[in-house]
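See structure below.
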Amino acid sequence: MGLIPESVIDDILLKADIESVVGRYVSLRRKGSNMWGLCPFHHEKTPSFSVNPSKGIYKCFGCNKGGNAINFIMEMEHLSYPEAIRYLGGIYGVDIPDTRDDKGGDAGREKRERVKALLTEAAKFYYHQFNDENTGVPAREYAKKRALDKQTLDHFGIGYSPASWEATRDYLSGKGYTEEEMLDSGIFKKSEKTGKIFDLFRGRLMFPIFDSFGNIIAFGGRSLGSEMPKYINSPDSLVYNKQNHLYALNFAKKEQSKQLIVVEGYMDAIAMHKAGFRNTVAALGTSFTDSQLKLCARYCEEVVFFFDADGAGQKAAIRAIKMMLAYLTKLSGIKIRIKIAKVPDGKDPDEFIRVNGAEKFAEVVKNALYVEDYLLDRAYNDNYDDKGIDKGRYQDDICLYGSWIPDEIKRSTMANEAAKVLGANPAAVLNRMNSLAENEGQRESLMQAREIARQKENDLKSRNTAPDEDIPEPADNDAPPEEAPEQDNIYAVVDTASDDELKLFAYAISLGPVLADQKKIAIEDVLRPDDFSGDSMKALVKSFLSVFDAKRGVSFARMSDFFRRVTINGAAAEDVMYRECTRADQAEDVTVKKDYYLGYLYKIRISRVNEIEESLISRRMYASSQEERDAIDKKLSSLCDYKVKMRNKLEEL
Ligand SMILES: [Zn+2]
């Protein structure tokens, strides 16, 4: 994307109304606010395929496919995103600037090729720095400590970025690359203070990230010592979208193994390759995505996952499993077996191989559990303590897990096993699983209730055991600011959103152009990414604001492109927001909608202020000087004013 201007996409979605786009393929009948027909994507006799003209989207309740007019054409005509836009542009008379790949003068393609060449040049530079007699010393010492031999280092093209703000920049500009090309590559940043660009990676061990054909498209950089963050990754760029790639897939696919092993970080993947498990890949700085699963399915029949043994890793495992099973249910055409492996003693694969050797590790891979068996184990172990099994919770967990399993036979086997633990009738357990499987709403609320309960317990535990910690002051120095780095933890994206946050966002969409009307909504009352606490919501709000049109607002259909990229509370964002927006749309009167919107906004801002206040108050207790205390008091008093203002606004509604 990116090459076709946002305004053109807006125009397409406005003109190519979903009703007529779908109507070319499916005969639709109106029932309530939706139109219904037989799904073109799966075989059925009674209509479960719906079109919502006011939101501009379609959704099949049978196979779960859904999206906007562009997505429909992509699916129907097997086209890429830009191709589908062009296709619709032709039918509905929207001119689309020519950025096509098949012409000699293709600016977009040329640009991408230049950026890829730049990245390859950068990799060479890093490689030479690593091997440079003087500059490379710290990097080579670190590599030695991690037992990376010359052959492995060369195989993965590992290099070193010197501890300098401009070494890479100067080298590449000497090679004739422009500032724009450097920024497009994602490995440079522009300083807001000086307007100059500077190296993103400094003093780090550099891992080139390849696409599946072996082109360098990004980098990961690991700190050599204890500096934080441990890992920095290239952000998404003109040539890189981390959701669509897997580290080391270019090597792993050559094995032509029927199995792929998925680990967490580059180092794990490299250690596995070195130990002979060359069918290993690593996810790239994000939670494992459905496009990555699809990518795996292209090359193998079975995926074996290694998740971290700690609490976060285990929680992530459940989330990833839920996403994958939902995806497999949706696309019944993809046949892939999912297994979950566990390294004994909570070690990571790299560590385990170093201590126990490759043969022992082969056993660990062999002992990986099918996802159904893993879930049975999890439900049991998570709810078992010295008092025995907590049957109530076990039942909640296992019925929830069972409801995710697409295969009926496997689901009923699971129900049988669970019935033994519960001392219940297997048919009753299966019934409960089936009814949860059919009722998404019920399933979500069970999942949420369960997570909230666990969260509370964890909070209580950590409150009782963790020492009081001071909140670190952000370091102030003159160096160019480093952007918040991507974390190496592949499950780092926080996708939680509170009820109020969901409602606020739904009303913002539902309000349409009113949100831009400053006579109705003051500029400071327009929602901001910072009003939200989770990464997914922040990203959605950013996208929302970036495509906001003062005349039309933002349509649900337009947002649907962004919804596809994130999850919210572990569920597909599109589904969650569909539910919320449908509720928000029920308030037909704009004034009522506006009041709801403002009500949620003020409430959220007040609770945000409360959080900041709490942390300031605890910081005040540990302040070392009167000066510091005074500064905190000043902040507190201005926060207090702000809160009063919000409260007054809330009361005035
Ligand atoms: Zn369908």
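Whatever order the structure lists them in is the order used to number ligands and atoms, beginning at 1.
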Ion pair check, D549 and R558, cut-off under 4.0 Å: no

Tell me every residue that passes salt bridge (charged side-chain N to carboxylate O under 4.0 Å, His left out) with K420, counting only those two or more places apart in sequence or in another chain. E417

Which residue in the set E501, E580, M577 passes side chain to side chain contact (heavy atoms under 4.5 Å, CB included) when paired with I568? M577

Side chain to side chain donor-acceptor pair (under 3.5 Å) partners of S48, counting only residues at least two apart: E44

Please list all pairs passing the side-chain hydrogen bond (donor to acceptor under 3.5 Å, both in side chains) test where one or both residues lie in residues 405-416, with sequence neighbours left out. R411-N434

Is a side-chain N or O of S546 found less than 3.5 angstrom from the main chain of S543, in a donor-acceptor match? yes

Give the total of protein N/O/S atoms at a distance below 2.8 Å from the Zn ion (ligand 1). 4

